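Below: one structure, written as structure tokens.
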Amino acid sequence: MKRTRPSAAKRKSYKDDSSDSDGEGDFRGSSDSDVPLARKKTADSKAKTNGSSKTNGTNGTSRTKAAPKYKEDSSSDSDAPLAKKAASKKTSTPTKTKVKTEPVSSSKSKQSTTTIKKRGKEDVDDKSKIKKVKKEEADDKSKVKKVKKEEDEDEDADAWWLNQKENEDESVKWTSLKHNGVYFPPEYVPHGVKMKYDGKPITLAPAVEEIAGFFGALLFTEHAENPTFQENFFKDFSKIAKAHKTSPEITSFKKCDFTPMYEYYQAEKEKRKNMTKEQKEAAKEEKLALDEMYGTCYLDGRKEKVGNYRIEPPGLFRGRGKHPKTGCLKLRVQPEQVSLNLSKDAPIPKAPAGHKWGAIVHDDTKTWLATWKENVNDSTKYVFLAAGSSLKGQSDLKKFETARALKKEIDWIRRGYMADLKDKKMFIRQRATAMYLIDRLALRAGNEKGEDEADTVGCCSLRFEHVTLEKPNIMHLDFLGKDSIRYQKTVEVDEQVFKNIRLFKREPAQEGDDLFDRLKTSELNKHLQNLMKGLTAKVFRTYNASFTFQDQLEKKTPKDGTIAEKLLAYNRANRDVAILCNHQRAVSKGHAGQIGKIEDKVRAYKYQRMKQKKMILSLEPKLKKKRPELLEPESDLEDDWIEEHEAQLMEKERERIKAKFEKDNLKRKENKEKPMPAGELKDLLKEVDVRAKELAKERKTGVVPPTRGATVEKCNAQILKLDERIAATRLTLTDKEENKQTALGTSKINYIDPRISAAWCEKHNVPLDKIFTKTLRDKFKWAMTVDADWEF
DNA sequence: GCTTGGACTTAGGAGGATTAGG
DNA sequence: CCTAATCCTCCTAAGTCCAAGC
């Protein structure tokens with residue numbers, strides 16, 4: 001069942017579209033829609049949605065709890081917790097979106113600006129454009145250059161992008177398809193390790209042991225600690241245990257102790273790590289053999305890679321966020337459940353011994369090779385071709401061509417929805433407002449979701465509690481999006497958008513009610529299709545991502561920079577896109593430590609700089625007046641730290657001397673010379689002690705006597721060098737900090753037209769493999785033949 | 001029409017492989 | 001050379017969108 005809006009049925013009765021031609025006036029009371037408790041979701045879940053930002057979470061729960069049931073809409077503007085955010089206000093063009101999330105975000109507001117500022121100039125004939133697109137589309141395709149012959153000579157026949165046939169029936173995906181079926185995970189091999197129940201080891205039948213093992217392997221992970229996960233797991237586990245008549249019967253999760261199994265699997269892991277070279281080699285061989293057998297197929301006579309040919313092994317369903325079914329047992333898939341798709345003339349692969357295939361179909365309008373139903377969510381699983389296959393490549397190309405088509409239409413489309421923001425019909429207003437958000441903020445469409453899924457939203461499914469307003473036109477968004485990733489941004493929106501959202505948030509404003517209460521993604525997409533063939537909500541994401549990337553890349557690339565500098569620019573442009581699309585990753589567990597290390601490095605440089613400065617003063621005391629900056633203490637350099645740092649330096653020095661001494665002696669031995677006496681080493685080490693004392697004295701007096709051969713000039717040069725190093729290290733520091741929770745991969749793989757990257761590499765002489773891994777080069781091979789001047 | 005589910009893209013994390021740094 | 005950090009691949013969940021089915 002769908003998790004339809006609580007008031008879905010009632011909605012009609014009091015908010016019928018036919019009655020709202022009078023615009024804002026129709027938002028009347030009818031407070032009867034009582035929201036099911038199930039709706040009591042909060043946005044603060046999901047540990048990985050960065051604890052740091054959690055603290056200032058302005059989302060629904062806290063405020064709605066306290067807020068009066070029917071508050072004046074104005075109250076939402078002046079909510080206390082938001083007040084301080086006003087600092088983020090920007091007095092700039094209304095369309096500029098200032099995104100304010102984590103510490104550093106200046107770059108991203110820049111990009112939004114550019115995305116936006118082009119609009120509004122040309123005035124165009126709306127309808128005639130549509131026709132034009134088609135023609136241009138065809139032109140663009142022919143522009144794709146002939147392959148410069150490269151390593152792939154014999155693969156020329158595989159270069160589907162060279163002979164793209166026009167007007168081909170798009171629904172037919174292949175004329176011939178042959179493959180070897182799918183690979184099933186090996187049967188379970190019992191290990192006999194006993195879990196404990198009520199403190200005592202308990203014997204389990206293999207089928208039960210296997211499931212206990214699933215949980216045991218996850219012990220001490222977030223999943224195993226999650227109560228929902230435990231509950232779902234235990235329900236399935238105890239049922240199976242009961243069917244196998246364990247004694248005693250397993251009835252209480254609390255009495256279960258899976259640690260023996262946990263330890264067993266840990267040991268297995270360790271074993272795997274310590275495999276000998278030969279064993280590793282053998283494992284590789286095995287994998288290669290499987291790849292050959294199942295990983296390849298023939299599509300229209302061409303050899304192509306299959307993606308996920310392994311049937312998913314049984315295990316515990318690991319739903320993300322607050323998935324109600326997380327922890328449920330995912331059963332082993334039997335061949336009888338699996339259907340294969342191949343051509344009529346293709347030999348039918350043999351099913352595993354003693355088994356039969358569920359069905360054999362010959363559907364040339366489908367790209368899947370195999371499919372089955374999964375038991376937890378009753379969803380369909382597929383085996384598809386790999387990302388580098390022609391089929392995937394073609395749809396990738398099509399996707400980006402649609403996004404490019406949007407680029408040509410975007411101006412009038414934007415003008416259109418901006419005008420619609422004031423439409424009398426509430427439905428149209430909501431639609432326009434949603435389009436605005438999807439376009440400007442790159443939100444996802446936001447389909448309705450079922451009750452037995454995690455409560456996450458996209459644009460059309462936003463609820464009141466996800467949006468708060470702050471006068472004059474600031475909007476705070478805080479909700480869980482796909483994969484329960486938190487979307488938390490503060491943006492400046494168009495005045496009319498602000499007014500509309502305030503209007504949508506009017507009574508009966510209750511937590512749980514939809515912001516866009518009469519808009520569905522299907523209707524939105526239908527409208528988009530009318531504006532442009534192939535246009536759907538997700539195209540805006542693709543378009544904005546690729547456009548932003550190209551734009552930023554152009555601006556950031558230093559024309560005469562080194563490759564490394566250019567790559568930095570590339571990654572920064574990439575990051576802008578990732579931030580736009582809210583692609584996040586968990587902050588790695590070592591992050592804080594790594595930052596600390598780099599900070600220490602900066603401090604070490606500062607320490608050296610301090611020494612140099614003082615040395616200058618010893619050389620030339622007069623400079624105290626002329627260059628007072630020499631007297632200024634370095635920031636962030638505490639006495640305690642210096643002392644410790646020096647101790648470390650000395651310790652390192654001693655280590656170094658010892659190592660060198662031993663190495664020298666080894667050499668002498670080889671040369672049949674006498675080893676140096678141990679006394680020699682002692683003397684060397686004594687020098688270090690002397691140096692340590694000197695340093696202690698310098699610390700006390702603050703005077704650093706010049707080293708041999710030191711001059712003011714040399715010291716100045718040193719200081720300059722240190723300045724540079726400090727700046728550079730600081731840069732990596734901010735870079736790292738900014739990157740810690742931003743994942744660049746997703747946008748690179750799915751949103752950024754690879755031809756932009758290919759052209760850029762060509763233009764700036766950057767080797768392709770610096771930006772695309774082998775798999776990505778393979779996935780994007782259709783895009784690698786563009787000229788340096790290709791434009792998205 | 002409206003719902004349901006099929007088919008395909010998009011998503012982050014796990015864990016192994018590789019590279020960098022000490 | 002060894003270890004830690006980073007990169008890359010695999011895995012499968014979770015979206016989007018559309019068309020079938022009522």
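Proteins get letters first, then strands, A, B, ... in listed order; numbering begins at 1 in each. Since the model is a prediction, treat every value here as computed from it, not as a measurement. Computed over heavy atoms, backbone and side chain alike; hydrogens, waters and symmetry mates excluded.
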Students often get this wrong, so: under 4.0 angstrom with heavy atoms, is A:Thr365 touching a base, only sugar-phosphate, or nothing?
sugar-phosphate
Please report whether the ring centroid of A:Phe547 lies less than 6.0 Å from that of A:Tyr751.
no
The bend of the helix from B:dG1-C:dC22 to B:dG22-C:dC1, taken between the axes of its five terminal pairs at each end and rounded to 10°, is 10°
Kindly point out which of B:dA7, C:dC17, B:dA11 is positioned nearest to the side chain of A:Arg320?
B:dA11
Is any side-chain heavy atom of A:Leu369 closer than 4.5 Å to one of A:Leu385?
yes
Whole-Å distance separating the CD atom of A:Glu374 from the C1' atom of B:dG6:
14 Å
For the pair A:Phe215 and A:Phe233, name the ring-plane relationship: parallel under 30°, tilted 30 to 60°, perpendicular over 60°.
parallel
Closest nucleotide among C:dT16, C:dA14, B:dT9 to the A:Asn447 side chain
C:dT16
Rounded interatomic separation in angstrom, taking NZ from A:Lys520 and P from B:dT3
5 Å
Quick one: is C:dC17 close enough that its OP1 or OP2 comes under 4.0 Å of any side-chain N or O from A:Lys526?
no
Categorize A:Gly458 for me: base, sugar-phosphate, or nothing, with a 4.0 angstrom heavy-atom threshold over every strand shown.
nothing
Residue A:Asn525, side-chain heavy atoms: nucleotide from B:dG6, B:dT10, C:dC17 that is nearest:
C:dC17
Salt bridge flag under 4.0 Å for residues A:Lys392 and A:Glu304
no
Which part of the nucleic acid, if any, lies within contact of A:Thr367, taking any heavy atom under 4.0 Å across all strands shown: a base, the sugar-phosphate backbone alone, or nothing?
sugar-phosphate
Determine, for A:Lys526 against A:Glu523, whether the closest basic-nitrogen to carboxylate-oxygen distance falls under 4.0 angstrom.
no
